[in-house]
Amino acid sequence: MVAYLDVAATTRVDPQVAEVVLHWMTEDFGNAGSRTHEYGARAKKAVQQARAFIAHSVGARSEEVIFTSGATESNNIALLGLAPHGELTGRKHIITSAIEHKAVLEPLTHLRDARGFEVDFLSPGPGGRVTVDAVLERLRSDTLAVSLMHVNNETGVIQPVAELAEKLRATPTYLHVDAAQGYGKIPADLMAPIDLISISGHKIGGPKGVGALITRRRGWDKAPLEPIMFGGGQERKLRPGTLAVPLIMGLYEAAKLFAEGHSSWERQAREMRERILAALGTTRFHLNGDPEHIVPHILNVSFDELSAEALIVRLKDQVAIATGSACTSASYTPSHVLQAMGLDEAVAANGLRLSWFPPQTAEFDPLPLAETVSRMQPPAI
């Protein structure tokens, strides 16, 4: 059986989560917007429970949780939804990093090219971590927002979003955090006063197609978001459409299970990381990303004089791994993340991402992977 080490792309749905989703598809299948019968009332009550738990998990209020189809949609609502306020107030400057996911880079590129916004794309340096000082140095009186991811999806490097949130709270600049990879993994960070947080269910054992946007108030003031879709008025008019109750309940169940097992997950993830690095000690490789600020379950390496594509082909019957983001890995172009870190071209072009999700990957033995690499690498000169 092929071992699955690409959980940064997606996790397998937990069996308990699948049961919950099926229940709300086939038994309690009511529309949460239906007010005239018990089916709708049960669905509405269930969604309220889910909303309260997701809010609690990031230190927010229930009314600050907007359910979406996932982090990509949440990112778009946050960034494009802030744009009208920026245009109205003349605050059309945005700061982000060059290592963001395409779901942030592309909306911001659209705002720059089509709507006249000025966007600063900060480079993180070779460790892959943007500093708070680098952000603050670019801050201006007309800076509408800073968008900085929580955990990089290719390197696993943790960005200083909690510290940045504290610094920005006294300014009119909003902070948006794409927490697709970090939600549930580093819960304390997201308790910080971050204005807008995007999360996704399928990174923590939940179903694909569901996520949320947290729209935290500043005192009594709501983030001045405008909808980017219309029709129905659901989710405080920010995300219209019939609520996907089965998927929302799947996200709720997955978030609960992950929170309950977090300490075990973290311990097992670190143990797996140590085993992989120990096995790779027989090879020649570069570790991409600051090891002092990294999640335990993502590892990005480049092997000397070895093509990542060739290695993936050789290993296809042993292990499922990737060269980077699932949204861009099919293109076989050098990683924009590793390039933005200023790494050597050969290193950036051959980054390999391994990511695991205990206990789903507990049986993986890294020794055959290391042996394959050793056989493929030419002898050291």
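Since we're looking at a predicted model, the values are computed, not measured.
Between the side chains of Ser335 and Gln339, no donor N or O sits under 3.5 Å from an acceptor N or O. Of the N and O atoms on the side chains of His150 and Asp178, not one donor lies less than 3.5 Å from an acceptor on the other residue. If you check the side chains of His101 and Asn75, you find no donor sitting under 3.5 Å from an acceptor. With no hydrogens or angles considered, a side-chain donor-acceptor pair links His93 and Thr143 at under 3.5 Å.
You'll find the ring centres of Trp24 and Phe29 outside the 6.0 Å limit.
For the pair Arg112 (side chain) and Pro107 (backbone), a donor-acceptor distance under 3.5 Å is absent.
Heavy-atom neighbours of Arg42 CZ from other residues, nucleotides or ligands within 6.0 Å: above the threshold of 12.
Nearest approach of Leu243 to Arg51, heavy atoms of both residues: CD1-NH2, 4.4 Å.
Residue pairs meeting the ring-ring contact (aromatic ring centres under 6.0 Å, His included) criterion with at least one partner in residues 42-83, sequence neighbours excluded, are Phe53-Tyr252.
The aromatic rings of Trp265 and His262 sit tilted relative to each other, their planes meeting at an angle between 30° and 60°.
In this structure, Val13 is not a member of the same hydrophobic cluster as Leu251, with clusters built from ILVMFWY side-chain heavy atoms closer than 4.5 Å.
Other residues sharing a hydrophobic cluster with Leu213 under the 4.5 Å side-chain heavy-atom criterion for ILVMFWY residues are Ile66, Ile77, Leu79, Leu80, Leu82, Ile94, Val104, Leu105, Leu108, Leu111, Phe117, Val119, Phe121, Leu144, Tyr174, Leu196, Leu225, Ile228, Met229, Leu238.
No salt bridge links Arg129 with Asp290; every basic N to acidic carboxylate O contact stays at or beyond 4.0 Å.
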